[in-house]
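Working notes for the structure below.
For ligands, and for the atoms within them, numbers begin at 1 and follow the listed sequence.
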Amino acid sequence: MERVSELQIREAIANFNFMGRLKERRPFGSGHINDTYLLTFEIGDMGDMSVILQRMNREIFTKPVELMENIVGVTSYLRERIIENGGDPERETLNIIPAKDGKAYFVDSKGEYWRSYKFITDAKCCDRVEKPEDFYESALAFGNFQRLLADYPADTLHETIRGFHDTRARFEVFRQAVEKDVCGRADSVRKEIEFVLSHEDVANVFGKLQENGEVPLRVTHNDTKLNNIMIDNTTGKGICVIDLDTVMPGLVMNDFGDSIRFGASTAAEDEQDLSKVSCSMELFEIYVKGFLEGCAGSLTPKEVELLPMGAKVMTYECGMRFLTDYLEGDHYFKIHREGHNLDRARTQFKLVEDMENKWDTMMEIVRRYGGF
Ligand code: ADP
Ligand code: GN1
Ligand code: MG
């Protein structure tokens, strides 16, 4: 994506219904996909108010109008459920600030799409687990999110990224990237390529189970990393699930697994010293406990049994996606240094290996909390 220009951001700001005088504007968060800004407005005697402004990545989200339809649908549904449960809909779900023409998005003169959300105050987003309790709270919140959306009319949801967690299809894309080798990088990463190829069976597990009708499609989040949840600064509770771009019908094991690959790792997703990277069984256990509590009995025994496999599949898939992007010239995930996507891919493969070594422990934990 081309960088956001000064003119472009000014145009976007001018076209939303913001109140007051713009006091501060800065890039915000550490997402890999959209361009996110925090804007702070001074509203006379009322003090300051902050909002999130995002340029949506149109190379990745090619149907932004449909995507925003999903988000409007899901957030208004969640709003009703939150009110029914006596919660605070201003903090427990995303709240869209409409553009001046009343739409949920604004299209700038370059044809790019922008949206704005109320900023969730007094809450934090973590890139690493600082306290195990935060990880537990995030598990509870993601499990709860999944349960709240259990009766959402799935057929009204657009598929915002086709085959998003179709690991088999991603394996094929990877193979093509190796074959084309457009950047001439394949020779320098033979070991990593070999890792992906030798684990092809991991790419096929869930596709087969789905074909055989052994696992149900549910409305899932599909991007459940720790920094896609807000944790309340005062209560320490996971209050709001954010980044709803990929809410689509999917597999619950993938929602579980994506949280594990990111949050249960003992190092950052882009750590270069692989000796620091492992999958913590303490954090894994905490997440299993919280997630199953949040799902509150809504999962089938088969789904529960497959949670460790979800962790392995999501970690393998994500590593393969990072490596594909490295081979293709880093056009998908934002990078902040040379070889960034390669570093990310390596941590994921290290985690997959570590999970394989700890497989029996992972299964034992899941069986214990799953009650069998
Ligand atoms: P990306 O798809 O690029 O990850 P996100 O929607 O996750 O974009 O937003 C990036 C970051 O911005 C989040 O990780 C979070 O820190 C912050 N953020 C997004 N929406 C809000 C919000 N409504 N309130 C507070 N922070 C937010
Ligand atoms: C992206 O948008 P963000 O940064 O929360 C990606 C996820 C990956 C993740 C890896 C739409 O998540 O699928 O797992 O990076 N989101 C999209 O960190 O591709
Ligand atoms: Mg995000």
Per [atom], closest listed option by heavy atom ([options]):
| atom | options | result |
| --- | --- | --- |
| atom 13 (C) of ligand 1 | I96, L53, I242 | I242 |
| atom 10 (C) of ligand 1 | I229, T36, L94, D127 | T36 |
| atom 26 (N) of ligand 1 | Y117, F119, F333 | F119 |

*Could you tell me whether E84 atom CD has more than 12 heavy atoms of other residues or ligands within 6.0 Å of it?*
yes

Taking only heavy atoms of [X], which atoms of ligand 2 are found under 4.0 Å from at least one of them?
| X | value |
| --- | --- |
| C318 | 10 (C), 14 (O) |
| R261 | 9 (C), 10 (C), 14 (O), 18 (O) |
| G31 | 4 (O) |

*asked:* With nothing but distance in play, are any N or O atoms of K118 less than 3.5 Å from an N or O of ligand 1?
replied: yes

*Is there a donor in the side chain of T266 and an acceptor in the side chain of S280, or the other way round, less than 3.5 Å apart?*
no

*At the 4.0 Å heavy-atom cut-off, does K334 count as touching ligand 1?*
no

*For ligand 1, note which part of I120 has a heavy atom under 4.0 Å away: side chain, backbone, both or neither.*
both

*Consider every N or O of D223 and every N or O of ligand 2, then say whether any pair is closer than 3.5 Å.*
yes

*Would you call R321 a ligand 2 contact, heavy-atom distance under 4.0 Å?*
yes

